[in-house]
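What follows is one structure encoded as structure tokens, with my remarks underneath.
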Amino acid sequence: MRKIDLVHYYESIAQWMLPHLKNRPVSLVRAPTGITGQLFFQKHPESKMPAMKELDPALWPEHAALLAVDSVEALVSAAQMNVVEFHTWNSKIARINQPDRFVLDLDPGEGVTWPMLQEAAELTRVMLSELGLESWLKTSGGKGLHVVVPITPKLGFDEVKAFSQAVVKHMARVIPSKFVAVMGSKNRVGKIFIDYLRNGHGQTTACAFSARSRPGMGVSMPVAWDQLRELKGGAQWTIATAREYLSFQKEDPWSGYWKKRQAITRAIKLLA
DNA sequence: GGCTGCT
DNA sequence: AGCAGCCAACGCAGT
DNA sequence: ACTGCG
Ligand SMILES: [Mn+2]
Ligand SMILES: [Mn+2]
């Protein structure tokens, strides 16, 4: 895959991706010698990234300024600077310490089949639904799936993260054959780790429409829940195929996500 | 890939 | 002008 | 104190 293919990909999907990047700090995964070479992670601006926005350093005291991408130009110029992946915070600049969503990142352990992951995602949706929370699904662009839960920004990162951990612990307790709540790959074999650790302050998850720096260059694609059973994998869409797929989509499968207002306060009590 | 400093 | 070397995050979880 | 992790 050539750099120009990546640049063209981001240019072509910018209209869909920019709403997901808007007003959020972003971290970058860069691949100056290609995705088979050494990658590095970048959180702070460097002198020559003209179109990218440098955020107020006060957003994260004791650290250098964070970055944001708020235009097609910034997205394309980043790709020209070998940025492959864009990872976003779960809060927006206006309420930087109050996340407006949390993510359950379904990470399959060794030996987990795709149908098992599909079933796990459906179980996650049902669990959240029983807690009164509506969620949205996207492919990760890698091996797994991301379940995203928008919330009204009110509680802090520690509380939201603790709640997300409680959800995962509950699922691992009810269905221990399928889920684990701890990260280590050791007892993850044949099971799915639901990574709640993405929900801490300053933590990030691959943004919707971000490419991934893996062979094949999958992309994170938002889908409707009723597409889950026909999905073929976490990297079903790639930088080579996403544009054509999107050209046939009439409706945003996440149209409800943008307007959703829901709180986790009741769900916290239900789980306690 | 951009920047700095050395030759 | 050309080139070599260096740089580009961070904190939590678990042991 | 140390490593693995994303
Ligand atoms: Mn994942
Ligand atoms: Mn993960």
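Convention: sequence-line order gives letters A, B, ...; per-chain numbering from 1.
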>> Does a side-chain N or O of His87(A) approach OP1 or OP2 of dA9(C) to a distance below 4.0 Å, or not?
In response: no

> For atom P, what is the distance between dT4(B) and dA8(C), given to the nearest Å?
Replying inline: 13 Å

> Whole-Å distance between dG6(D) P and Asp107(A) CG?
Replying inline: 7 Å

>> Could you tell me how far dG6(D) sits from dC7(C) if I compare only their P atoms? Round to whole Å.
In response: 26 Å

>> Could you check whether Arg125(A) pairs with Glu130(A) (Lys NZ or Arg NE/NH1/NH2 to Asp/Glu carboxylate O, under 4.0 Å)?
In response: no

> Which whole-number value in Å describes the distance from Asp195(A) CG to dG4(D) P?
Replying inline: 18 Å

> What's the CZ-C1' distance between Arg214(A) and dG6(D), to the nearest Å?
Replying inline: 11 Å

> Does Leu137(A) offer a backbone N or O that forms a donor-acceptor pair with the side chain of Trp254(A) under 3.5 Å?
Replying inline: yes

> Using the P atom in both, what is the distance from dG1(B) to dG11(C), to the nearest Å?
Replying inline: 29 Å

> Choosing from dA9(C), dA8(C), dG2(B), which nucleotide comes nearest the side chain of Met81(A)?
Replying inline: dG2(B)

>> Over 60° means perpendicular and under 30° means parallel, so tell me whether Trp237(A) and Tyr245(A) are parallel, tilted or perpendicular.
In response: tilted

> Testing Thr88(A), Asn90(A), Asp100(A), Thr204(A) for side-chain hydrogen bond (donor to acceptor under 3.5 Å, both in side chains) with Arg24(A), which one passes?
Replying inline: Asp100(A)

>> Whether the side chain of Asp70(A) engages the backbone of Asn23(A) through a donor-acceptor N/O pair (distance < 3.5 Å, no angle test) should be reported.
In response: no

What side-chain donor-acceptor pairs closer than 3.5 Å can you find for residues 138-145 of chain A, not counting sequence neighbours?
from      : atom 1 : to        : atom 2 : distance (Å)
Lys138(A) : NZ     : His146(A) : ND1    : 2.9
Lys138(A) : NZ     : Ala206(A) : O      : 2.7
Lys138(A) : NZ     : Ser220(A) : OG     : 2.9
Thr139(A) : OG1    : Val219(A) : O      : 3.2
Thr139(A) : OG1    : Met221(A) : N      : 2.8
Ser140(A) : OG     : Gly142(A) : N      : 2.9
Ser140(A) : OG     : Gly144(A) : N      : 3.2
Ser140(A) : OG     : Gly144(A) : O      : 3.0

Could you go over nucleotides 11-15 of chain C and give all protein N or O partners under 3.5 Å, atom names and distances?
from    : atom 1 : to        : atom 2 : distance (Å)
dG11(C) : OP1    : His63(A)  : NE2    : 3.2
dC12(C) : O3'    : Lys161(A) : NZ     : 3.1
dA13(C) : OP1    : Lys161(A) : NZ     : 3.1

>> Rounded to whole Å, how long is the line connecting atom NE2 of His44(A) with atom C1' of dC10(C)?
In response: 8 Å

> dA8(C), dG6(D), dC10(C): which one has an atom nearest the side-chain heavy atoms of Arg188(A)?
Replying inline: dG6(D)

> Would you find a donor on one side and an acceptor on the other, under 3.5 Å apart, between the side chain of Arg212(A) and the backbone of Met217(A)?
Replying inline: no

> Leu67(A) has an atom CG; how far is it from atom C1' of dA8(C), in whole Å?
Replying inline: 11 Å

> Between dC5(D) atom P and Leu39(A) atom CG, what is the distance in whole Å?
Replying inline: 16 Å

>> Could you tell me how far apart Arg30(A) (CZ) and dG6(D) (P) are, to the nearest whole angstrom?
In response: 23 Å

> Taking atom P of dA8(C) as reference, at what distance in whole Å does atom CD of Gln38(A) sit?
Replying inline: 14 Å

